Number of protein chains: 2
Amino acid sequence: MEKPPTTAYADNPDVDRLVSDLIGRVADKWTLLVIEVLEQAAQVRFGALARAVPGISQKMLTRTLRQMERDGLVRRTVHPVIPPHVDYALTALGHGLAAAFCPVWTWAETHLAEVEAARAAFDAHT
Amino acid sequence: MEKPPTTAYADNPDVDRLVSDLIGRVADKWTLLVIEVLEQAAQVRFGALARAVPGISQKMLTRTLRQMERDGLVRRTVHPVIPPHVDYALTALGHGLAAAFCPVWTWAETHLAEVEAARAAFDAHT
DNA sequence: CCGCATCCATTATGATACTG
DNA sequence: CAGTATCATAATGGATGCGG
């Protein structure tokens, strides 16, 4: 059934599951990296994205961008010229998510050494 | 827009790639959901985790917890009793990561309706 | 009984070649 | 240049078994 769009979803199991699903889709490795690149430049072309996200394949980049477009995170602009020219830019929604992810990047930069130390200790322990 | 906030070593390509790798490992779907559950209760047993993270398989839960333990995010405590009793708890590092992910959860709760509307609009256009 | 490792079917991902 | 199609490979889930 449909629920009215209330802001107080506190501990509703249904909403909680929807939020979990959304987190699961948005907290994808490639999505995060693409958001990070798009957040630092207003508009980025497909090739530039492929270059800026090291290790991503064309298929995954395409799929990730389509998914983000469908979720309203990015706006895809096609310029009908030859050769083709396609720009990707974050929407307001996407910028909000990028801002929400900012502390995660800060955490990763700050605690990278600790994580590597923990890994070394764990590997030595076994 | 403005110049993005950078740390002292954010412009180092090597560190940038290490941070990307760390993000890629930590921004896993199951890792995030497990962190969320562990952040709300001090100690959680394996079975309780499997129940609290809907849709996860036992194998993925085991693998996710091992990886998080190796990265120093969780501490695994085995009580040698019968039946077995294994508690998982976030370390200080894990709590920091949970706190960093907090805005992402807030964003997901706040903008869930917008994402669903964007999906409906995208699906209608195609 | 609980945690977790192993076998197999399904799916997701990567590398390459090709089209508009 | 942007995106698709195809095939090889790795990741994942489900069921089962086993030790404590």
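The chains referred to below are lettered A, B, ... by the order of the sequence lines, with proteins before strands, and numbering in each begins at 1. All of these numbers come straight from a predicted model, not from anything done at the bench.
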Position toward the 5' end of DNA chain C (nearest nucleotide), G47(B) or I56(A): G47(B)
Upstream residue (5' side of DNA chain C) when P84(A) and K59(A) are each assigned their closest nucleotide: K59(A)
Nearest-Å distance, [atom1] ([X]) to [atom2] ([N])?
X      : N       : atom1 : atom2 : result
I82(A) : dT19(C) : CD1   : C1'   : 13 Å
L49(A) : dA2(D)  : CG    : C1'   : 12 Å
K29(A) : dA10(D) : NZ    : P     : 15 Å
M60(A) : dA15(C) : CE    : C1'   : 12 Å
L65(B) : dC2(C)  : CG    : P     : 17 Å
L61(A) : dC1(D)  : CG    : C1'   : 13 Å
F46(B) : dG3(C)  : CZ    : C1'   : 6 Å
D28(B) : dT13(C) : CG    : P     : 11 Å

Touch class at under 4.0 angstrom, heavy-atom based, for P83(A) against every strand present: sugar-phosphate
Geometric class of the F46(B)/Y88(B) ring pair [parallel <30°, tilted 30-60°, perpendicular >60°]: tilted
D123(B) and R70(A): CA distance, side-chain angles, deciding distance, salt bridge (Lys or Arg N to Asp or Glu O under 4.0 Å) verdict: CA-CA 8 Å; D123(B) 293 346; R70(A) 193 176 102 97; 2.5 Å; yes
Per R63(A) side chain, nearest of listed nucleotides dA5(C), dT13(C), dG14(C): dT13(C)
Minimum-distance nucleotide to R76(A) side chain [options: dA17(C), dA2(D), dT13(C)]: dA2(D)
Residues, nucleotides or ligands: over 12 heavy atoms within 6.0 Å of H125(A) NE2: no
Hey, does the side chain of [X] come within less than 4.0 Å of [N]'s phosphate (OP1/OP2), counting only N and O?
X      : N       : answer
W30(A) : dG14(C) : yes
Y88(A) : dC1(D)  : no
R45(A) : dA2(D)  : yes

Closest heavy-atom pair and its distance - W107(A), A100(B): CB-CB, 4.0 Å
Salt-bridge present (R119(A), D71(B); N to O < 4.0 Å): yes
